[in-house]
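Only one structure is covered here, and it is reproduced in the block below.
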Amino acid sequence: MKVLLVQSYLVGKEPPVFPIGLCCLAANLQGYHFKTFDPNVSGDAFGEFADILDAYRPEVIGISLRNIDSTNKRKVVFYYSYLKEMVNAVRNSPCRESRIIVGGSGFSMFAREIMEDEPEIDYGVFLEGEETFPELLQNLDCPDSVEGVFFRSNGKVVFTGPRAQLDLSKTKPPKREAVPIEPYKGISEAIGVETKRGCVFACIYCIYGFLNGKTLRLKDPVKVADEIESLVSGKKVRRFTFVDSVFNQPLEHAEAVCREIIRRKIDVSWSAWFHEEYLTEEFAGLCREAGCDKFILSPDGFSDRVLQNLGKTMKKRDIIRAFEILVGIEDTEICFNFFKNPPGQDMLTFLSLMRFYLGAKLRLGSRVHFEFNSMRIEPHTRLYRIALEQGLIREEDNLLYPKYFTNRNTRCIERIFDTMLLLKGK
């Protein structure tokens, strides 16, 4: 059986990201002929896709839908529509009878909605696909025997039920040779390394607990370092990012990863997402010694009331303390993510955030970066229930087509941010 693994198309509006998810699938496809295709590094995405379909004639086409839309932009780009375009391209090609399987985090968030919205998709892989996808390939005519699968029966969408989470100690490392890595080199945050899955935090807007579970599943730091060393020595990669939702929780595990990189004297630079509460001066120095040159923080709010409303465990003082620690770590960038108008925001909070922003830029200039984002209302989150209670959405609304949370009484703040982003060309 010939299988084509395809990354979802981001329309050239985002820097390409090395498709680590496809490589995780490829590591488990023994006995199958497969090719991979990422339209995001193609000069002619749909033209090249058509050529591959014509020349390779795959029997199964697996599409990884990583993003539904560009939630962090002033003007949202709806990537899902290009998935539909890709499905249509298959059905209008010589491979029109090929089975189409869609998976990935974007799909899993809206699995039933997507299956009902796009009837040309044959199967959907829900959540982790390393075991589900190859098992489904062996049972295409009886998908009801495979856990974690959406399929169609008598015109109706059927779900076989959730699958147990993977034991990461027994999983194979991503088969990175399945995708040419050269197009991604030199692009910040394009090449990812995973140290864990799961998130123990309870941010009201966040989907990670649903996608990866609320229990942390840790990879052996030695195996993480093996993967990094392979990237550096075998692929000549000089920069990567840790793709964990939070790198420094648990702190001891992150410290062990850093120490293993230092022990092996791996010459590499990297970035990661950090939680302010667990960021100490000693740990930040350890990260820098291990190659970290970009610390990304996502406090999202800038008052104790807003942070509490967002479900955060940190306080405003933790944000300021983390910032002061990072100011002292030389040759590094600091990145902050905030929501424009989160629950509990008022003009005083907004002015306090602007003071912090302007003060940080005056002190550090281009060494510090800020992103101001909208709050997309997503299913499987507490924000979804809050939005229902406040009448911002209805239960029958299809959130596949985005809706956003904003405080009704302070909508002017959202407009101020949008004006700022417009002036900056975002």
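Within the model, atoms CG of L383 and CD of Q390 stand 8.5 Å from one another, a figure rounded to the nearest 0.5 Å. Atom CE of M375 sits about 5.5 Å away from atom CG of L310, to the nearest 0.5 Å. A distance of 10.0 Å separates OH of Y82 from OH of Y79, quoted to the nearest 0.5 Å. If you take CZ on F283 and OH on Y278, they are separated by 12.5 Å, rounding to the nearest 0.5 Å. Remark: L279 CG to F295 CZ distance equals 6.5 Å, nearest 0.5 Å. Distance CG/L326 to CD/E281: 10.0 Å, rounded to 0.5 Å.
Ion pairing of E276 with R321 is absent here, as no side-chain N (NZ or NE/NH1/NH2) approaches a carboxylate O to less than 4.0 Å. Ion pairing of K185 with E182 is present here, as a side-chain N (NZ or NE/NH1/NH2) and a carboxylate O approach within less than 4.0 Å. Here E333 does not pair with R367 in a salt bridge; the nearest charged N to carboxylate O distance is not below 4.0 Å. Under a 4.0 Å N-O distance rule, the pair K175/E177 qualifies as a salt bridge. Taking the charged nitrogens against the carboxylate oxygens, R197 and E128 do have a contact shorter than 4.0 Å, which makes a salt bridge. Ionic pairing of D418 and R415 is not present here: no N-O contact between side-chain nitrogen and carboxylate oxygen is shorter than 4.0 angstrom. Using a cutoff of 4.0 Å between basic side-chain nitrogens and carboxylate oxygens, K170 and E131 are not scored as salt-bridged. Contact check on R96 versus E120 returns no salt bridge, with no Lys/Arg side-chain nitrogen under 4.0 Å from an Asp/Glu carboxylate oxygen.
The one candidate from E135, E130, E147 that meets the salt bridge (charged side-chain N to carboxylate O under 4.0 Å, His left out) condition with R163 is E135. Residue I121 is tested with R152, E116, R99, K84 for a side-chain contact (heavy atoms from CB on, under 4.5 Å); the sole match is R152.
With a 6.0 Å radius and a threshold of 12 heavy atoms from other residues, nucleotides or ligands, E395 has its CD atom at or below the threshold. More than 12 heavy-atom neighbours from other residues, nucleotides or ligands sit within 6.0 angstrom of CD on E194. The environment of E282 atom CD is sparse: at most 12 non-hydrogen atoms of other residues, nucleotides or ligands sit within 6.0 angstrom. Summarising the local packing, NZ of K403 is surrounded by 12 or fewer heavy atoms from other residues, nucleotides or ligands at distances under 6.0 Å.
For the residue pair Y80 / N67, no side-chain donor-acceptor distance below 3.5 Å is found, with atom types taken as modelled. Using modelled atom types, one finds a donor on one side chain and an acceptor on the other under 3.5 Å when comparing T406 with E414. D300 and S298 share a donor-acceptor pair across their side chains, judged by distance under 3.5 Å alone. Between the side chains of K316 and S352, at least one donor N or O sits under 3.5 Å from an acceptor N or O. Of the N and O atoms on the side chains of D144 and T160, not one donor lies less than 3.5 Å from an acceptor on the other residue. Side-chain atoms of R239 and S269 form a donor-acceptor pair, as typed in the model, at a separation below 3.5 Å. Under the 3.5 Å distance criterion, with hydrogens and angles disregarded, a donor-acceptor pair is assigned to the side chains of E277 and T313. E189 and S271 are linked by a side-chain donor-acceptor pair at a separation below 3.5 angstrom, with hydrogens and angles left out of the test. A donor-acceptor contact closer than 3.5 angstrom links the side chains of S374 and K340. For the residue pair D38 and Y9, no side-chain donor N or O sits within less than 3.5 Å of a side-chain acceptor on the partner. Residues T410 and Q345 bring no donor and acceptor atom of their side chains to less than 3.5 Å of each other.
Nearest heavy atoms, I334 versus V327: CD1-N, 4.0 Å. Between S245 and W273, the closest heavy-atom pair is O-CB, 3.5 Å. Nearest heavy-atom pair, F110 versus P379, reported as atom, atom and distance to 0.1 Å: CE2-CD, 3.5 Å. The minimum heavy-atom distance between A190 and P16, with the atom names listed, is CB-O, 3.5 Å. In terms of heavy-atom proximity, V368 sits nearest to L364 at CG1-CB, 3.9 Å.
Residues T195 and P221 fail the side-chain proximity criterion, which asks for heavy atoms closer than 4.5 Å. Two residues are said to be in side-chain contact when any heavy atoms from C-beta on lie closer than 4.5 Å; F151 and F159 fail this criterion. No side-chain heavy atom of C335 sits under 4.5 Å from any side-chain heavy atom of F370. The shortest side-chain heavy-atom distance between R259 and L286 falls under the 4.5 Å cut-off. Side chains of F339 and Y205 form a contact here, defined as non-hydrogen atoms less than 4.5 Å apart. Between Q7 and F37, the closest side-chain pair of non-hydrogen atoms is not below 4.5 Å. Considering only heavy atoms from C-beta on, I68 comes within 4.5 Å of L400 through its side chain. In this structure, the side chains of I61 and I101 stay at 4.5 Å or more apart for every pair of heavy atoms.
Taking the centre of each ring, Y123 and F150 stay at or above the 6.0 Å mark. Taking the six-membered ring for Trp and the full ring otherwise, the centers of F323 and F356 sit less than 6.0 Å from each other. Ring centroids of H275 and F247 are separated by 6.0 Å or more, keeping the two rings apart.
Between H380 and F210, the ring-plane angle classifies as parallel under the 30° and 60° cut-offs.
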Practice prompt. For the pair L5 and L29, evaluate side-chain contact (heavy atoms from CB on, under 4.5 Å) and give the outcome as yes or no after the intermediate values.
Written response: CA-CA 11 Å; L5 301 176; L29 290 184; 4.0 Å; yes
Worksheet entry | Intermediate values then yes/no, side-chain hydrogen bond (donor to acceptor under 3.5 Å, both in side chains), D44 and S42 | CA-CA 5 Å; D44 180 14; S42 171; over 6 Å; no
Worksheet entry | Chi angles and distances behind the side-chain contact (heavy atoms from CB on, under 4.5 Å) call for F336, Y357 | CA-CA 9 Å; F336 281 103; Y357 163 74; over 6 Å; no
Discussion item. Pair R91, D122 - check salt bridge (charged side-chain N to carboxylate O under 4.0 Å, His left out), show working.
Written reply: CA-CA 12 Å; R91 294 304 183 218; D122 296 296; 2.8 Å; yes
Worksheet item: Stepwise, does the side-chain contact (heavy atoms from CB on, under 4.5 Å) test hold for V125 with V102?
Response: CA-CA 6 Å; V125 171; V102 177; over 6 Å; no
Worksheet item: Run the side-chain contact (heavy atoms from CB on, under 4.5 Å) check on K196 and H253 step by step: do they pass?
Response: CA-CA 9 Å; K196 70 177 76 69; H253 182 257; 4.2 Å; yes
Discussion item. The test is salt bridge (charged side-chain N to carboxylate O under 4.0 Å, His left out); show your working for R394 and D397 and say whether it passes.
Written reply: CA-CA 5 Å; R394 300 167 300 174; D397 287 344; 3.2 Å; yes
Item to complete: Could you please spell out the steps behind the ring pair (Phe, Tyr, Trp, His ring centres under 6.0 Å) verdict for F240 and F18?
Response: CA-CA 10 Å; F240 70 90; F18 182 83; over 10 Å; no
